[in-house]
Amino acid sequence: MSVLRTVAVSALAASALAVALPLPAYAADAGTPAKPGKARAVTAELALDVTLLNTVKVPVDVALNKVESPAQRDGAMLTAAVDGVANGQPVTLVKAQVGKSVTKTDANQANASVQLVGADVHVPGLPLTTLLGLDAMSAEVSCPVDGQPTAKVTAPAKLTVLGKSVTLGLNSPTHVDVPTIGSVDVEFSKKTVTSSTAAASALEVQVSINPLNLNVAKVDGKVTVAAVSCEKPVAAVVPAAASSAAPNPSGAASGTAQNRTTPKDAGEELAYTGSTGTTALAAGGVTLVVAGGAAVWMTRRRRAAHARHR
């Protein structure tokens, strides 16, 4: 009986060891890397179709003082050359006492701002007539990594359109007609804010004029003043760390707690180990079957030996 008892004890020990052995762990979700924020600022953008006196159309697509994160640019005199206009000489499109476009990004936020002070905005063909005249104006946006993006525009205290003083409407474009020159529609403080982005433009100006000057017959298009936008940074997503099982009050940690983490349910266990919890139990069951067979064989051997001695 002592031999049988020894075999049974050994089988139980082997079974317990099989259950406690660590299961192979497979790579968990690698997570998502951090995504930097974006910021953009433009002092003035002109998207115009300029028709010359010879009916040739010249597109003017210019971004003045355009910067993207992270950068800063100052410009008080902004010019651009327009084919066929002013004998190929650069045309002054924006003249200001102060013109600044600034963008900043880091792990916590993305910001953009434009500031204009004492600015005159011109279009090709109207060198002596100011399309827009303003004393001071600014636009800024902020996109924090944690929080709602914001957009803010400061209106100019004084604004002239084609030499006429105008008061900006807050809910609809302001329409200005100038005899012998044309018409202008000015929209103030156009803003768009979402959960992750913000954009603003201080002024959007729809232009339709007939200057008949400097070889220019007609100018149509849009002028945007002080345009800014941002997109918030995204923090890195670290895969959920598998927490170790709590230690026993006695201080003796179980084999399972020492060697592997404990998933919340069977579905998660598949992600961690590639198998279910029945694997260890099956291994233990096989060990018990083998041990049981050994015990039966020992019992039969002892009975046969006893029969021969009778």
Side-chain angles (χ1 to χ4, degrees), residues 25-48 59-80 93-94 96 98-117 119 121 134 136-156 187-205 221-243 261 264 268 271-272:
Y26 294 91
D29 183 8
T32 304
K35 181 181 177 182
K38 297 179 181 179
R40 178 180 180 271
V42 183
T43 299
E45 289 182 290
L46 291 86
L48 305 172
V60 178
D61 192 358
V62 182
L64 305 173
N65 260 17
K66 176 182 177 181
V67 291
E68 296 185 2
S69 57
Q72 174 176 327
R73 184 173 296 170
D74 296 328
M77 185 73 72
L78 308 177
T79 63
L93 300 175
V94 178
V98 176
K100 179 180 290 187
S101 300
V102 181
T103 58
K104 296 179 181 179
T105 59
D106 55 34
N108 298 317
Q109 60 186 346
N111 299 325
S113 65
V114 170
Q115 182 184 14
L116 276 172
V117 176
V121 180
L134 52 96
M137 173 177 287
S138 65
E140 58 183 288
V141 288
S142 178
C143 293
V145 66
D146 294 319
Q148 179 67 31
T150 59
K152 179 182 178 182
V153 175
T154 302
E187 183 174 0
F188 168 69
S189 187
K190 187 175 181 179
K191 294 182 286 188
T192 304
V193 177
T194 70
S195 60
S196 61
T197 64
S201 55
L203 295 175
E204 284 195 0
V205 185
K222 182 171 71 171
V223 176
T224 304
V225 180
V228 289
S229 64
C230 65
E231 179 180 339
K232 66 166 57 181
V234 178
V237 177
V238 180
S243 58
T261 59
K264 294 180 180 179
E268 287 190 13
Y272 278 83

dist Cys230:SG -> Glu140:CD (nearest 0.5 Å) comes out at 10.5 Å
Quick check: does any side chain N or O of Lys232 sit under 3.5 Å from a backbone N or O of Gly147, one acting as donor and the other as acceptor? yes
4.5 Å side-chain heavy-atom contact, Val121 and Val205: no
Kindly indicate whether the side chain of Lys191, heavy atoms from C-beta on, has any atom under 4.5 Å from the side chain of Val141. no
Distance from Arg40 atom CZ to Thr105 atom OG1, nearest 0.5 Å? 15.0 Å
Any donor-acceptor pair under 3.5 Å linking the side chain of Gln148 with the backbone of Thr194? yes
Pair Thr43, Ser101: side-chain N/O donor-acceptor within cut-off below 3.5 Å: yes
When you check the gap from the basic side-chain N to the acidic O, do Glu231 and Lys35 get nearer than 4.0 Å? yes
Is the shortest side-chain heavy-atom distance between Leu48 and Val223 below 4.5 Å? yes
With rounding to the nearest 0.5 Å, note down the distance linking CG in Leu203 to NZ in Lys222. 12.5 Å
If you look at every heavy atom in Phe188 and Ala202, which pair is closest and at what distance? CD1-O, 3.2 Å
Exercise: identify the closest heavy-atom pair between Pro233 and Cys143: CD-O, 3.7 Å
Rounded to the nearest 0.5 Å, how far apart are OG of Ser189 and CE of Met137? 9.0 Å
Rounded distance (nearest 0.5 Å) linking atom CG of Asn111 with atom CG of Asp106: 8.0 Å
Rounded to the nearest 0.5 Å, the CD atom of Glu68 sits from the NZ atom of Lys38 at a distance of 9.0 Å
